[in-house]
Amino acid sequence: MPQITVRDIEGHEELREVPEGTTAGEVFTDRSVVVARVDGQLRDLAYIVSGGEVLEPVPVDTEDGRAVLRHSTAHVLAQAVQQIFPEAKLGIGPPIKDGFYYDFDVERPFTPEDLAALEKRMQDIIKSGQRFHRRVVSEDEARAELSHEPYKLELIGLKGGSAEDMGDVMEVGGAELTIYDNLDGKTGERAWCDLCRGPHVPTTRVIPAFKLMRSAAAYWRGSEKNPMLQRIYGTAWESRDALKAHLAFLEEAEKRDHRRLGSELDLFSFPEEIGSGLAVFHPKGGVIRREMEHYSRLRHEEAGYEFVNTPHLTKGQLYEISGHLDWYAEGMYPPMELDAEYGPDGELKKAGQKYYMKPMNCPMHNLIFGARGRSYRELPLRLFEFGTVYRYEKSGVVHGLTRARGFTQDDAHIYCTQEQMADELDSLLTFVLDLLRDYGLDDFYLELSTKDPVKFVGSDDVWEKATETLREAAERQKLELVLDPGGAAFYGPKISVQARDAIGRTWQMSTIQVDFNLPERFGLEYTAADGSRQRPVMIHRALFGSIERFFAVLLEHYAGAFPAWLAPVQVMGIPITDGHVEYLQDVAAQLRAHGIRVEVDTSDDRMQKKIRNAQKQKVPFMLIAGDDDVAAGAVSFRYRDGSQNNGVPVAEAIAEIRDAVDRRVQV
RNA sequence: GCCGCCUUAGCUCAGUCGGUCAGAGCGACGCACUCGUAAUGCGUAGGUCAUCGGUUCGAUUCCGAUAGGCGGCUCCA
């Protein structure tokens, strides 16, 4: 009788003797367990123990459990697709964050009606209680069986070739080729099959809740050289309630969409006449942006940064020196050609100059560094600029303020000695995180991108040293540190700060990047204490990334309800009747004298309507005044959450508001 | 850049399988109302149905191109 170790979710282990032929499913009889982890590997519940293994249950409401559930649901989708569209060829169908997809090669793209029909067919399949049955096949068998599935054949071929980078492909990722058969719950007849490494849930009956979300096109195996397949995205959850919660989350995210809030709150727009991806900020958006920049400037000044300004346009020569024209040209606006002279017959008399909109600020900052001889005494030299750059984003990726074609980086370049690098990176990371916290983000993790073994410049030991320095600085922050091996740009390692917003989404915010390339290309030097010429270390860092993007992140994080210090209108005065307007205007004047942005609603709406309007504009403080308040020299607060504080003396009210603004707290 | 979808009043959206079909709500404006914590009532103005071209006796409706938007892929702050 085989002996196995059973480890429960809490980690308690129990040695157990089981009859020959016992399956994982017989060990874990709880219906919420969808697969088992056997010696660390996820296995079907049909797995037969041989003795000596450690078995753990994987319930459906865990990350692994959901992934299996979603993967199995993807199979159900594929089966439904091939039932309704028999000519459809299968691509791949993995689980992803919050769901799954499956790619198909079909005659025509799927329509919303198709999705509805597919969803219905999937319900039928699920109800019929098909069993997922794993079957090991030889490569030849697989080829024979899947001869009508060209993409699957390609995957089989890939497995034969280089198996290393196939880790994400569920189809052929395992040690052996396997096919999963879907067997009818009653008759045991094979209804469908798919090349797949598994594992899968035992039967379709344990798929409690799913929904098809949308269809879209995707290149086969992610390359634009390959044919376009039609992808269907879906989601699946351990319970109807979990699905409902997920859909509610999506709805909430949609309500917070910065593009929507941007026009509802009259903050910015993208006039068609200007061009795709180029925003204009309206007065209210302008206030928020000004406050964001203002506070950032103050903090940078305190931290020893010096402010520079550079033009938006430059001759191509600069980007030849920097190398951007070699490796970044397709991200740049095409050049304009100036100063060419032609003779009367149109022949070229004088060659023109190409000018480019700048896609990055660093080359210009390097010119400032190189404008005169630099001493080690000046280092670290920290040059800061709100530098507007223009990048020619492909039309399909432009997305509101988060992916624009013109945007302003809060860009700084720090030039320091090798010896200063460690301290500089350390204090820099602290500075960055502190500042982000002041803007109201407080949940972070760090990501360290290390050398791509193929594409890099500079020597191994310099990389090694810089990477270690970054790692040490990151670890000192006591934050979660995620490694991104090989993810660095060719010119140096980087740390990025990822922030989680109010509804748990993560955004890449700041990046701190060491650069071994540009100081070399620009021939940057400083004179060291011993009189020798040395090359400085260059660190790029942007805190917001771009102000527009950070603006969008904060807008979504706060759902438009900015803390008072950022709110475009901090106080709205609301008179009970026209007779109280004058009194409120006097209060407003006093607030203004204290630097508060205040308006009085003098429209002829009723007071309730004015409250509703101010509420919809997400004004932090409403000051209401009627006869009682006037008599008492007071105002009545209404806050954004609907609570009230009536009859507050004007001086106290001003102090309260001023205090909330000064402390930059959310109210 | 590629695939699909979308574009009707300032905003959100109805509507026409080609022929009084140009509509609603909100917003704006005007008049009345003067009101204590999320919508007072009545009225007025606003659109060559994105642009250009084609098919047709006739196009907002069908076809094509262009521009912009949305969802993805690829790429990235």
Side-chain angles (χ1 to χ4, degrees), chain A residues 101 103 106 108-112 114 213-233 254 257 259-260 263-264 266 269-277 328 330-331 359-361 387 389 391-411 489 496 507-511 513 540-550 552-553 572 574-581 603-617 622-629 636-647:
Chain A
Y101 67 79
D103 288 343
V106 281
R108 62 163 176 84
F110 296 106
T111 63
D114 291 336
M213 304 302 288
R214 62 170 63 94
S215 64
Y219 298 111
W220 167 238
R221 298 184 55 227
S223 167
E224 48 198 327
K225 295 186 191 81
N226 288 337
M228 274 270 174
L229 304 183
Q230 294 303 316
R231 175 172 296 181
I232 295 178
Y233 284 91
E254 203 175 312
D257 189 311
R259 293 164 299 181
R260 176 193 185 120
S263 64
E264 278 176 11
D266 193 18
S269 60
F270 290 90
E272 209 177 305
E273 294 83 344
I274 295 181
S276 181
Y328 198 73
E330 72 179 49
M360 293 186 184
N361 300 303
V389 296
R391 298 186 185 173
Y392 191 73
E393 298 291 349
K394 296 194 236 171
S395 61
V397 305
V398 170
H399 182 91
L401 291 177
T402 57
R403 203 62 196 279
R405 283 181 169 169
F407 56 93
T408 304
Q409 295 180 309
D410 60 329
D411 208 359
S496 56
W507 303 84
Q508 178 178 320
M509 305 286 7
S510 320
T511 56
Q513 171 118 39
H540 304 250
R541 49 108 285 186
L543 220 144
F544 302 155
S546 91
I547 293 163
E548 289 81 354
R549 189 177 127 89
F550 191 56
V553 171
M572 180 62 80
I574 296 175
I576 302 283
T577 73
D578 287 352
H580 309 113
V581 166
S603 69
D604 62 355
D605 287 325
R606 294 174 68 208
M607 178 265 298
Q608 287 87 340
K609 182 60 179 293
K610 293 180 182 186
I611 288 170
R612 181 180 153 85
N613 287 342
Q615 196 86 44
K616 279 174 61 176
Q617 287 297 307
M622 289 176 224
L623 291 187
I624 298 168
D627 289 340
D628 298 348
D629 299 287
S636 293
F637 275 92
R638 181 189 162 100
Y639 302 98
R640 276 195 293 227
D641 65 358
S643 61
Q644 316 177 16
N645 186 13
N646 297 333

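This structure is a prediction, so every number in the text was calculated from the model and none was measured. Each chain gets a letter, A, B and so on, in the order the sequences are listed, and its residues count up from 1.
With both pairing distances under 3.5 Å, U66(B) is matched to A50(B) as a Watson-Crick or G-U wobble pair. Base pairing annotation: G71(B) forms a Watson-Crick or G-U wobble pair with C3(B), both donor-acceptor distances under 3.5 Å. Pairing for U40(B) is with A32(B), a Watson-Crick or G-U wobble pair whose two hydrogen-bonding atom distances lie under 3.5 Å. For C57(B), the paired base is G19(B) (Watson-Crick or G-U wobble, both distances below 3.5 Å). In this entry G25(B) has C11(B) as its Watson-Crick or G-U wobble partner, both defining distances falling under 3.5 Å.
Candidate nucleotides U74(B), C35(B), G72(B) were compared by shortest atom distance to the side chain of Ala217(A), and G72(B) ranks first. Of the candidates G36(B), C3(B), G1(B), G36(B) carries the atom nearest the Ile576(A) side chain, counting heavy atoms from C-beta on. Among the nucleotides C73(B), G4(B), A77(B), the one closest to the side chain of Pro109(A) is G4(B). Distance from the side chain of Gln508(A) is smallest for A77(B) among the nucleotides A38(B), A77(B), C35(B). Here the side chain of Arg391(A) is nearest to one of G36(B), G1(B), A77(B), namely A77(B). Of the candidates G36(B), C70(B), A77(B), A77(B) carries the atom nearest the Ala404(A) side chain, counting heavy atoms from C-beta on. Residue Arg549(A) has its side chain nearest to A77(B) when only A77(B), G71(B), U74(B) are considered. Side-chain proximity of Lys616(A) to the nucleotides A38(B), G1(B), A77(B) is greatest for A38(B). Each of G1(B), G72(B), U37(B) was ranked by its minimum atom distance to the side chain of Gln608(A); first place goes to U37(B).
Contact annotation: His399(A) reaches the phosphate of G71(B) (side-chain N/O to OP1 or OP2, under 4.0 Å). The shortest distance between the side-chain N/O atoms of Ser276(A) and the OP1/OP2 oxygens of G69(B) is below 4.0 Å. OP1 and OP2 of G69(B) both lie 4.0 Å or more from every side-chain N or O belonging to Arg403(A). Within the 4.0 Å cut-off from OP1 or OP2 of G71(B), not a single side-chain nitrogen or oxygen of Arg214(A) is found. Phosphate proximity of A77(B) to Arg405(A): absent, as no side-chain N or O sits under 4.0 Å from OP1 or OP2. For Ser215(A), no side-chain nitrogen or oxygen approaches OP1 or OP2 of G4(B) to under 4.0 Å. For G27(B), one of the phosphate oxygens OP1 or OP2 lies less than 4.0 angstrom from a side-chain nitrogen or oxygen of Lys609(A). The phosphate of G36(B) (OP1 or OP2) has no side-chain N or O of Arg638(A) nearer than 4.0 angstrom. Close to C73(B), at under 4.0 Å from its OP1 or OP2, lies a side-chain N or O of Tyr233(A).
Within the 4.0 angstrom heavy-atom criterion, only backbone atoms of the sugar-phosphate kind lie near Gly222(A); the bases stay farther away. Among the heavy atoms of the strands, none lies under 4.0 Å from Arg541(A). Residue contacts shown for Asp628(A) include a base, since a base heavy atom lies under 4.0 Å away. Residue-level contact check: Met228(A) touches the bases, meaning some heavy atom is under 4.0 Å from a base atom.
There is a side-chain donor-acceptor pair under 3.5 Å between Asp627(A) and His580(A). With 3.5 Å as the limit, one finds a donor-acceptor pair spanning the side chains of Tyr233(A) and Arg231(A). Between Asp103(A) and Gln230(A), the side chains place no donor N or O within less than 3.5 Å of an acceptor N or O (distance only, hydrogens not considered).
Glycosidic conformation of G10(B): anti, with the torsion beyond 90° of 0.
A distance of about 38 Å separates the P atoms of A65(B) and G25(B), rounded to the whole Å.
Counting atom types as modelled, Tyr219(A) pairs a side-chain N or O with a base atom of G1(B) as donor and acceptor under 3.5 Å. With hydrogens and angles ignored, no donor-acceptor pair closer than 3.5 Å exists between the side chain of Asn646(A) and the base of G36(B). Residue side chain Gln615(A) does not reach the base of A39(B) through any donor-acceptor N/O pair under 3.5 Å, judged by distance alone.
Annotation for Ser546(A) and Phe407(A): closest pair CB-CD1, 3.3 Å, computed over non-hydrogen atoms.
Because its NZ or CZ atom is both nearer than 6.0 Å to the ring centre of Tyr392(A) and within 45° of the ring axis, Arg405(A) counts as a cation-pi partner of that residue.
Remark: the backbone N or O of Thr408(A) is paired with a side-chain donor or acceptor of Glu548(A) at under 3.5 angstrom. Between the Ser636(A) side chain and the Gly647(A) main chain, a donor and an acceptor come within less than 3.5 Å of each other.
Of the residues near RNA chain B, Gly642(A) and Glu272(A), the one whose nearest nucleotide (by heavy atom distance) lies more toward the 5' end is Gly642(A). Between Gln644(A) and Gly277(A), the residue anchored nearer the 5' end of RNA chain B, judged by the nucleotide with its closest heavy atom, is Gln644(A).
A salt bridge links Asp114(A) to Arg108(A): at least one charged side-chain nitrogen sits closer than 4.0 Å to a carboxylate oxygen.
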